[in-house]
Structure formats: C-alpha cells, structure tokens
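The structure appears below as structure tokens.
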Protein chains: 2
Amino acid sequence: MMRTMTLRKLRASRRRGSSAASEDATGGTGSRDERKQRTRRALLDAALELMQGERSFSSVSLREVTRSAGVVPAAFYRHFSGMEELGLALVDDSFKTLRRSMREARAAALPATHLIRRSVETFLGYAHTHRHHFQFIAKERFGGSSVIRFAVRKEVHLFTSELATDLARFPLAGKISTEDLQMIAALVVQSVMMATEAFLDMAPNEPDDAAQLYQQTEKQLRLIFIGAQGWRSKPATRA
Amino acid sequence: MMRTMTLRKLRASRRRGSSAASEDATGGTGSRDERKQRTRRALLDAALELMQGERSFSSVSLREVTRSAGVVPAAFYRHFSGMEELGLALVDDSFKTLRRSMREARAAALPATHLIRRSVETFLGYAHTHRHHFQFIAKERFGGSSVIRFAVRKEVHLFTSELATDLARFPLAGKISTEDLQMIAALVVQSVMMATEAFLDMAPNEPDDAAQLYQQTEKQLRLIFIGAQGWRSKPATRA
DNA sequence: AATTTCAGTGAACAGTTGTTGACTTTCATT
DNA sequence: AATGAAAGTCAACAACTGTTCACTGAAATT
C-alpha cells in the first residue's frame, strides 16, 4: 500500500520517458481517429494487464488504468462512460479473437473425426497466445458485476452452440436431438474451459501436475463421447 | 458512489439503534471469549453479505466490513491480520458446513444406486440454505487472490475425492481404477457446481429457465454415468 | 480487593479514489 | 486561412481507503 514515486514525479517523467507507464499511447503518428483508437486500446490493454495474477476486474481502479496507459484520468471519459463499459468492451474483444480463431480452424475441411481434436487444439492455442483475454473471461464468468457476468455467459452460450452444430456433422450423431447435442456441447465446453483455467495458473515449474491435468481432461472428453455414443434421445416431448 | 448518511451521524446512531449496521455484535451478554467470537462472526457475516450480488471479495474494503459489523475499523485487527486472512477463514467456514451436510447424508445407510441422487440433493440443499457461502466459493474459485483461490481448489479437490470413494461402492465400478474414479468424480462435481452457480444467480421470475437448466444438468449426469458404464480402465501403467 | 489482560474506541495520518469544469493544442473541415 | 471539433491536460473536490497509537472499561486472574 505504498507507492515509491510521487504522482508529480511520475507525471514529469512521462513524456517520452515511459519509466512506469507500460502502455503509453499518447503522441505518435496517424490520423486523429487512429490516435484515438490507439489510446482506447492502451486503456483496454492496461486494464487487462493490471488484473493479471492476483486481482479481479472490479478491484482495478479507473485511475490505475489511466496511469499505466500513460494518460490523465479525465481522458478516460473520452472513451468509456466508466469501468463497467470498459469491461463490456473487454468481453467483446476477448470473444472476437476467440471466434476468429475457431472459424479458421473450422474452415479447414474436416475428416469429421479429427474435428474435435482440432477444435480443442485451437482453443488451447487461443488460451495460450491470448492468455490475458482468456483469464479475464474465466474470472468474470462468476465474479464481479452481473452485467459483465451475463455478457460473458451469453458469449459462452453462443460458443457452445457453434460446437453443437459441429457435433451434428458427426456420423454417430443421428440418434441425438439438437437439444441434447447442445447439452453435450455444454459439457465439453465446461470441461475444457475449467481445465484450461486450472492449467494457466499452475506453477510453471511443476510440469508433472500439468501432464496429469492434461491426461485427466483427455479422459474426461473420451468418457463424454462414450456416453454420447450410448445416448438415445427420447422423441422430443413437445406440446 | 454517494453515501446519503455522513460518518458521524451513522456512528452516533449506532449504539442500540442499528439503522444501517446490519450485524451489530458489540454489547450483549456472555463470557469474554463468547463476545469475541460473536464479533468475529459478525465480521465474517458482514463480509459475506457485502459481496452478495454485484461484488467480488477483493472489492470489499476492510472499513466496509467493520462498518456493517457495527465496529470500529481498528477492532478488525483484533481478529484478523487483514482481509486475506478473513477470506481464508471464510473458505474454511464454507467447506466446514458443506462437509457436515454431506457427512450426514452419507451416514444414512445406502442402497448404493440412490446414493448419487441423495448426494446431489443434499448438495443442492446446502447451496440453497447456505447460498452466501456457496456463492463465495463459486466466485473465489477463479477470481481474486491466488492464496484464497488455491485454498478453495484444495477443498474442492478433497470434496471430489470423497465422492470418488462413494462411487467405488457402486456395483459396476469394478472395471474402473481409483484414478479414473477420481476423474469421473471431478467431472460430476464440476457439472453440479456450475449448474448450481448458474441457478443461484438466475432471475427468480423466470422459472422456465430454471427448469430447463435442471433438466439439462440431469441429462449431463446421466450421460456421464452411461460413459462410466462403458469405461474400461487400462491396467495402470505404473513404473 | 488489587491487578492484569485485552476487545473495542477515537482520532489522526498520508494516500487513493471517481468525477467535475475550464483549459490547451492539434487535426480536419469549411 | 479562418473555424470547428475534440483528445488530452490540469487542478480541484469530497469521500474513502488501510494502518497506527494511546486510550478506556470491563471481565478474568491473582
């Protein structure tokens, strides 16, 4: 709870100094709009960075964000009405990159059976290269403000729906109703997300735990597909 | 971000007034030790209450806690060294009540097949009557400080282990290694916790969604058991 | 009955927070 | 070249934060 540098000193060393501000975005070239988008991204990135490791989104302050974006607090309001709006923008960003990755993976023509493995692989790839985005999602899926929480859930739901339509292309999916496919997809997404989150904040010097986690998750997926194989949807009881 | 009552007025109306302080614990009868434990609980309860709905644990301030516990900030340090220690105490409390419930459920002699249903029922019962405790666990499982996060995970792991030993008593569990039982138990716990969390912060005026969620979760469990039925553990590849 | 122990008090501290209004400066339009 | 828009600055505000210290008063010990 102690800062070593006073506000004044920090601000004095800001212009092209960048000693403490990690994401300085002011200055530079480009059209007015480009420059604006740049500091907007600086704010988003700063917020994401600040929650790495120990903190939750709701514990990150507006001033902290502007500080490490290299901008004065008041400037924040030129981009967002408050932290909640920034949070929603982060949800958007995170899923935009995720969906892009998955769409590319899907684009490669599929031998059906390898499709799941490929999907899981690209998902893990996403989680690895965009780990900040993923960890943000993982945290805000349960914690924090309800509006952000629901935004995340809506996106996750959409994501599982896409997986469900992929599953429908499977040969042995004939006996399974679309509703049940959705339920199976939810189970898969759940497991993979959980495992990924656990994996990401594991101590990197304990590779044994990581291997064990990976094996367990693979087994879980296999068990789910065995279950799906034996599944028989009741003829939809609809009124 | 605006308080309607000034600090002075609030504090003036505190003694036996209890207009804003919901968990006033000072005064009353009992031995010294009893009185101490009472305000300790008041602090814990206040913290739990403050995070209901919108907030995460890390966004609740020490002063807020003492304020709604009806105690002066400095008194906090007679019980905890800081908010983190209080958080760990909350983890402990939450799982203590959960484990007590489950142990009782297990005590009733089991017709084996009904045991799972009974377990899920008591778990849901716990989540319903101790919803504050459960929601705390659900939030801090991913968000917030790592020491609390790991404390929660350790307890969840222990919990799934207990479920795994229960599963071992099942007739058709013969072909399954203990390691694989653990992995199946993890899958079950995961699904039930997820569903419960989703259920608890659903709008209470939308019973259709609740019913649909319940059905889906039941299906998921059934599918998992179908999978378990078809599961065949490889003869343990141990060195 | 005298003394120690200690949960809770009250006040002060330095620092941080969100939000505001009037300002400068720079780009894009007229 | 004059004019407008607007991204970012500066300074100030009231409120809140965690932590400290010497203190009080009542229960527990002697």
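Sequence lines set the chain letters: A, B, ... in the order given, protein chains first and strands last, and positions in each chain run from 1.
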I'd like to check the salt bridge (Lys or Arg N to Asp or Glu O under 4.0 Å) partners of A:Lys96; sequence neighbours left out, ordered by chain and number. A:Asp92

Who pairs with A:Thr129 by side chain to side chain contact (heavy atoms under 4.5 Å, CB included), at least two apart in sequence or on another chain?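 Counting only residues at least two positions away or on another chain, A:Thr129 forms no side chain to side chain contact (heavy atoms under 4.5 Å, CB included).
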
With sequence neighbours excluded, residues passing side chain to side chain contact (heavy atoms under 4.5 Å, CB included) with B:Ala211: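 With sequence neighbours excluded, B:Ala211 shows a side chain to side chain contact (heavy atoms under 4.5 Å, CB included) to no residue whatsoever.
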
How many whole angstroms separate atom [atom1] of [X] from atom [atom2] of [N]?
X	N	atom1	atom2	value
A:Phe76	C:dG18	CZ	P	9 Å
B:Gln37	C:dC6	CD	C1'	14 Å
A:Arg63	D:dT17	CZ	P	16 Å
A:Glu34	C:dT26	CD	P	18 Å
B:Arg55	D:dT17	CZ	C1'	13 Å

Sequence neighbours excluded - side chain to side chain donor-acceptor pair (under 3.5 Å) pairs with any residue from residues 131-149 of chain B: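 Sorted result for residues 131-149 of chain B: A:Glu54-B:Ser146, A:Asp201-B:Arg149.
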
Given D:dT9, D:dG18, D:dA7, identify the nucleotide with an atom nearest to the side chain of A:Val71. D:dT9

Looking at D:dT17, I'd like to know if its phosphate oxygens (OP1 or OP2) sit under 4.0 Å from a side-chain N or O belonging to B:Arg67. yes

Can a side chain N or O of B:Ser61 be found less than 4.0 Å away from OP1 or OP2 on D:dC16? no

Give me the residues of residues 77-87 of chain A where at least one heavy atom lies under 4.0 Å from an atom of DNA chain D, by number, or none.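 DNA chain D contact set from residues 77-87 of chain A: A:Arg78, A:His79.
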
Report the residues that fulfil side chain to side chain donor-acceptor pair (under 3.5 Å) with A:Thr217, sequence neighbours left out, ordered by chain and then residue number.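 For A:Thr217, no residue satisfies side chain to side chain donor-acceptor pair (under 3.5 Å) once neighbours in sequence are set aside.
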
So does A:Arg55 have more than 12 non-hydrogen atoms from other groups sitting under 6.0 Å from CZ?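 Atom CZ in A:Arg55 is packed in, count exceeds 12.
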
Protein-nucleotides 25-30 of chain D N/O pairs closer than 3.5 Å?
{"residue": "D:dA27", "atom": "N3", "partner": "B:Arg32", "partner atom": "NH1", "Å": "3.3"}
{"residue": "D:dA28", "atom": "OP1", "partner": "B:Arg32", "partner atom": "N", "Å": "3.1"}

Contact list for residues 188-198 of chain B, test salt bridge (charged side-chain N to carboxylate O under 4.0 Å, His left out), sequence neighbours left out: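 Listed once each, the pairs are A:Arg153-B:Glu197.
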
Tell me which pairs pass salt bridge (charged side-chain N to carboxylate O under 4.0 Å, His left out) where either residue lies in residues 70-82 of chain B, with sequence neighbours left out. none

Is any NZ, NE, NH1 or NH2 atom of the basic residue among B:Glu155 and B:Arg99 found under 4.0 Å from an Asp or Glu carboxylate oxygen of the other? yes

